[in-house]
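A short worksheet on the structure shown next.
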Amino acid sequence: MSSNVPISQSSITAPTPQNTPLTHAPISSGLSRPTVPDISEDNEPAEESEDAAIQSAMLGLVQGRLAGLVGKSSGYLESLPVKTKRNVEALKGVQVKQNELQNQYKRECLELEKKYLALAVPLYERRHAIISGTSEPTPEEIEEGEKQTAKDDGDDYTPLPKDAPASEDAPAGIPEFWLTALRNHPALSELITDRDAGALKHLTDIRIEYLPSDKPDSKPGFKLLFTFSPNEYFDNEVLEKTYVYQEEVGYSGDFVYDRAIGTEIKWKDDKDLTKEFEIKKQRNKNTNRTRLIRKTRPAESFFNFFSPPVPPSDEAIENGDIEEEDLEEMDEKLEVDYQIGEDFKEKARFIIPRAVDYFTGKALEYEVMDSDDEFEDIDDEDEDGDVFDDSDDDDDDGPPVPRRRVAAAGGATDVKPDDCKQQ
């Protein structure tokens, strides 16, 4: 429909120089975090279902038409005068300097994390001594802990008895401390099977180290170290998982995940928890004789964490040697593996510095929730029995209050500014 209103030069919107890609880039190029899909109601009206189907069909049609234009120029940049093009190139040159400054900033943030991790090492060693029972806690440590518990519990706090006799049957330290802490972590608990528990009972410590940066070709990253007491499952005393970032920060201004390297676990006979063994009878068709064979198949296990997925090479992707579905599945696996590493290191669910809070379950009260997606559950019926329907009106009292967020923290301690968090 035409309009008689004159269009001013300022109201003209420049066309997009490049069409937006329809698919995400692999994680090595900075793939965004997975999002939680919306949950639709079971009993949607038929009209809404039909509307949704029409919208979906229209979206598919639009995407189909755009698919042939992906990566093609709209011609806008080519139509600009040479002087304007030179100005655009100059802006790119300025941005190069900005990128270099951001890269330097993130490197210094990493050095700050290393500094405070070094300061925290004696505290981690003291924690390990108490957990393992090699050292008794001091009265001052117990008193500080009780003050914190009283502050957290408020009126529900019950002080420990001061004159309780020492029990000879009480175990030294805190048995199964790390297994309990891991099981109380929402993401990590899903990785731990009943078969894993026997081996994880021997987990005595989890530490973090940053990769050295004093070499010219060194890349930023960190290493997780899982220490085990002698056990019947494997010979390794320490299992390591190393996460390497790309040298330059990504488009978002943060380090970008590059790859992960895990320790090869030296399993003892028939103790490989990442495999399931099955004994079957096999009959020879010619001689009719039978024999027993043992078949192995992959099994779900926490210890698969030390065999990270290997991303396909850029050449394989460019040549189309990998199906799109396989590539998306690999991206998802890489995302999960990356996020687990960050859950140990820092982020919202930093299990290493807050291990005692996961052991007691206190950390679950501070689970970070996205205020845009998750809110506290509320009843649809008020105290008077009136039932309220959901409404899209804008004149309500505002959105429901999100659950309490965890305090900002980063690295190995919570002294680092939030801006220094790595992605």
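Just so it is clear, the structure is predicted and the values come from calculations on it, not from any experiment. For reference, positions follow the sequence shown, starting with 1.
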N-O pairing of K241 and D337 below 4.0 Å: yes
Contacts of E146 that satisfy side-chain hydrogen bond (donor to acceptor under 3.5 Å, both in side chains) - sequence neighbours left out: K162
Chi angles and distances behind the side chain to side chain contact (heavy atoms under 4.5 Å, CB included) call for L224, I352: CA-CA 10 Å; L224 300 172; I352 292 181; 4.0 Å; yes
Results of salt bridge (charged side-chain N to carboxylate O under 4.0 Å, His left out) for E125 - residues two or more places apart only: none
Basic-acidic side-chain contact under 4.0 Å: K333, E329: yes
Donor-acceptor pair, side chain of K114 and main chain of L211, under 3.5 angstrom: yes
Euclidean distance, R259 CZ relative to Q246 CD, rounded to 0.5 Å: 10.0 Å
Chi angles and distances behind the side-chain hydrogen bond (donor to acceptor under 3.5 Å, both in side chains) call for T193, D196: CA-CA 5 Å; T193 67; D196 295 328; 3.0 Å; yes
D258 side chain near Y245 side chain, heavy-atom distance below 4.5 Å: no
Partner set under side-chain hydrogen bond (donor to acceptor under 3.5 Å, both in side chains) for S307, not counting sequence neighbours: none
Qualifying residues under side-chain hydrogen bond (donor to acceptor under 3.5 Å, both in side chains), relative to D270, sequence neighbours excluded: R294
Pair R207-D205, salt bridge (Lys or Arg N to Asp or Glu O under 4.0 Å): steps then yes or no: CA-CA 7 Å; R207 297 284 187 95; D205 201 9; 2.8 Å; yes
Stacked cation flag K266 on F234, 6.0 angstrom / 45 deg: no
Carboxylate-amine/guanidinium contact E141 R126, below 4.0 Å: yes
Centroid-centroid under 6.0 Å between Y233 and F228 rings: no
Residue list, salt bridge (charged side-chain N to carboxylate O under 4.0 Å, His left out) with R289, at least two apart or on another chain: none
Partners passing side-chain hydrogen bond (donor to acceptor under 3.5 Å, both in side chains) against Q104 (at least two apart in sequence or in another chain): E108
Centroid-centroid under 6.0 Å between F303 and W267 rings: yes
Parallel, tilted or perpendicular: ring planes of Y243 versus F222, cut at 30 and 60 degrees: parallel
Residues Q148 and D152: side-chain donor-acceptor under 3.5 angstrom: yes
E136 atom CD, neighbour heavy-atom count above 12 within 6.0 Å: no
Separation between CG of L273 and CG of L200, rounded to the nearest 0.5 Å: 8.5 Å
I340 side, atom CD1; E190 side, atom CD - distance, nearest 0.5 Å: 9.5 Å
Under-4.0 Å salt bridge between E247 and K219: no
Short side-chain to backbone donor-acceptor contact, N236 and E264, under 3.5 Å: yes
Trace of the side chain to side chain contact (heavy atoms under 4.5 Å, CB included) decision for T204 with S229: CA-CA 7 Å; T204 60; S229 60; 4.0 Å; yes
